[in-house]
Number of protein chains: 2
Amino acid sequence: MQISSRFSVAVHVLSLLALQQEGDVLLTSERMAGSVNTNPVVIRRILGQLKKAGLVEVRPASGGTFLVRPPAAISLLDVYCAVEVVEEGQLFSIHDKPNPACPVGRNIQSALDATLQRAQTALEQVLAGATLQQVTTDIQLKAGFTG
Amino acid sequence: MQISSRFSVAVHVLSLLALQQEGDVLLTSERMAGSVNTNPVVIRRILGQLKKAGLVEVRPASGGTFLVRPPAAISLLDVYCAVEVVEEGQLFSIHDKPNPACPVGRNIQSALDATLQRAQTALEQVLAGATLQQVTTDIQLKAGFTG
DNA sequence: ACATGTGTAACCAATACGGTTACAATATGG
DNA sequence: CCATATTGTAACCGTATTGGTTACACATGT
């Protein structure tokens, strides 16, 4: 069981947008799909989510997708929430309907809940502290980008 | 997408074991299933994993499952690893085979990897710091246990 | 009018999960 | 030895999710 690759694809797409420069060829969902190595519809779905979350704007028909915010103002947590890979506070599934006639059954959910929430929050805080800017800077370093 | 309830059921089962007292009725997988409100086979599967991980010992045939370690020496991370809800370092799925002809495609995986590992580690560290003892203490408090 | 790109539904196959049934293997007590 | 209770495990099933595909309506710019 894993957090869907939708999240990493979304970061990929946002990185393409962030690294796009004036004068570059128009970045269509088709082109993005080429970089990701998937079908453009997949990209469009994700872009729909990113748009709904206010991270990108998308020009209908004539094409073109743009970041609404600078890369340094987009955290990986923003992306994670935008693509809805995990429901709020629901990373861990807790068995439901344990037997209330048993004290453990009656109390296990609440006894576990705080810890599991803390674990999820810890994960999300790392994502909150990581920006798209950092990702693209890393990509540039690795790629030997000059600008 | 959620981390399987197998984990929470495992904690439930371990809590039953931890709170078991001398003279209590034998705790069979059937009884545990009653508390969890599931089928005994489900419990047995999980017990198989916990046993393989060295957290419990199980008496064949005549029945009876026992903690191998004191509850304070069993972390929730131990349980999480025992029930194999998440593969090591694999909480996040990263799309594979991005296009290496594109600098973003070529580098996105490694550019993301460290951050995602850190996020997973942060979550797991919270679990490492939480013990079965804490869970059972909480259950006892909530249940108004006197023992 | 036409070409191009977006948006979305529907379909499909694969996978994981949790529940169930079936039954072999094992230990214990009578 | 036998009956009983319990464990261990395979197989099956239905459900949900995912990511890819196909189809096509809609929107824009030339």
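Quick note on labels: first sequence line is chain A, next is B, and so on, each numbered from 1.
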Backbone N or O of B/Gln90 within a donor-acceptor pair of the A/Gln2 side chain at under 3.5 Å?
-> yes
Any donor-acceptor pair under 3.5 Å from B/Asn99 side chain to A/Gly34 backbone | yes
Selected nucleotide, minimal atom distance to A/Ser29 side chain, candidates C/dT6, C/dA16, C/dG19 = C/dT6
Of residues 5-18 of chain B, the positions that come close to DNA chain C - non-hydrogen atoms, cut-off under 4.0 Å | B/Ser5, B/Arg6
Within less than 4.0 Å of OP1 or OP2 of D/dG19, is there a side-chain N or O belonging to A/Ser4?
-> yes
Do any N or O atoms from the side chain of B/Gln120 and from the backbone of B/Leu91 form a donor-acceptor pair under 3.5 angstrom?
-> yes
DNA chain C contacts among residues 79-93 of chain A, heavy-atom distance under 4.0 Å | none
Of B/Val79, B/Asp78, B/Leu67, which meets side-chain contact (heavy atoms from CB on, under 4.5 Å) against B/Leu132?
-> B/Leu67
For B/Lys52, report the nucleic acid contact type (base, sugar-phosphate, nothing); a contact means any heavy atom under 4.0 Å.
-> nothing
pair B/His95-A/Arg6: side-chain heavy atoms closer than 4.5 Å = no
Using a cut-off of less than 4.0 Å, is there contact between a side-chain N or O of B/Lys51 and OP1 or OP2 of D/dT7?
-> no
Taking the side chain of B/Thr28 as its heavy atoms from C-beta onward, which of D/dT7, D/dT22, D/dG8 lies nearest to it?
-> D/dT7
Side chain of A/Ser8, backbone of A/Ser5: donor and acceptor closer than 3.5 Å?
-> yes
Please give, in whole Å, the distance from D/dT6 P to B/Leu26 CG?
-> 7 Å
Closest approach of A/Val11 and A/Leu76, non-hydrogen atoms and distance?
-> CG2-CD2, 4.0 Å
Test item: A/Asp138 side-chain N/O and A/Gln134 main-chain N/O as donor-acceptor pair under 3.5 Å = no
Exam field: side chain B/Asp24 to backbone B/Gln21, donor-acceptor pair closer than 3.5 Å | yes
Take the protein atom CD of A/Glu57 and the nucleotide atom C1' of C/dG7, then report the distance between them rounded to whole Å.
-> 17 Å
Rounded distance in Å - CD1 (B/Ile43) to P (D/dG8) | 13 Å
For B/Arg31, does the CZ atom have more than 12 heavy-atom neighbours from other residues, nucleotides or ligands under 6.0 Å away?
-> no
Between P of D/dT7 and CD of B/Gln49, the distance in whole Å | 17 Å
Report the residue (A/Val41 or B/Thr65) whose heavy-atom-nearest nucleotide on DNA chain D is the more 5′ of the two.
-> B/Thr65
For atom CG of A/Asn39 and atom C1' of C/dC12, their distance in whole Å | 13 Å
Going by distance alone, is a donor N or O of one side chain under 3.5 Å from an acceptor N or O of the other, for B/His12 and B/Ser35?
-> yes
Donor-acceptor under 3.5 Å (A/Arg59 side chain, A/Gly64 main chain) = no
Using atom CD of B/Gln2 as one end and atom C1' of C/dG18 as the other, report the distance to the nearest whole Å.
-> 13 Å
Would you kindly check whether a donor in the side chain of B/Arg45 faces an acceptor in the base of C/dG19, or vice versa, at under 3.5 angstrom?
-> yes
Produce a footprint string for nucleotides 24-30 of chain D: one letter per nucleotide, 5' end first; B if the base is under 4.0 Å from any protein heavy atom, S if only the sugar-phosphate is, - if neither.
-> ---BSS-
Between C1' of D/dT6 and CG of B/Leu27, the distance in whole Å | 13 Å
Whole-Å distance separating the CE atom of A/Met1 from the C1' atom of C/dA14 | 17 Å
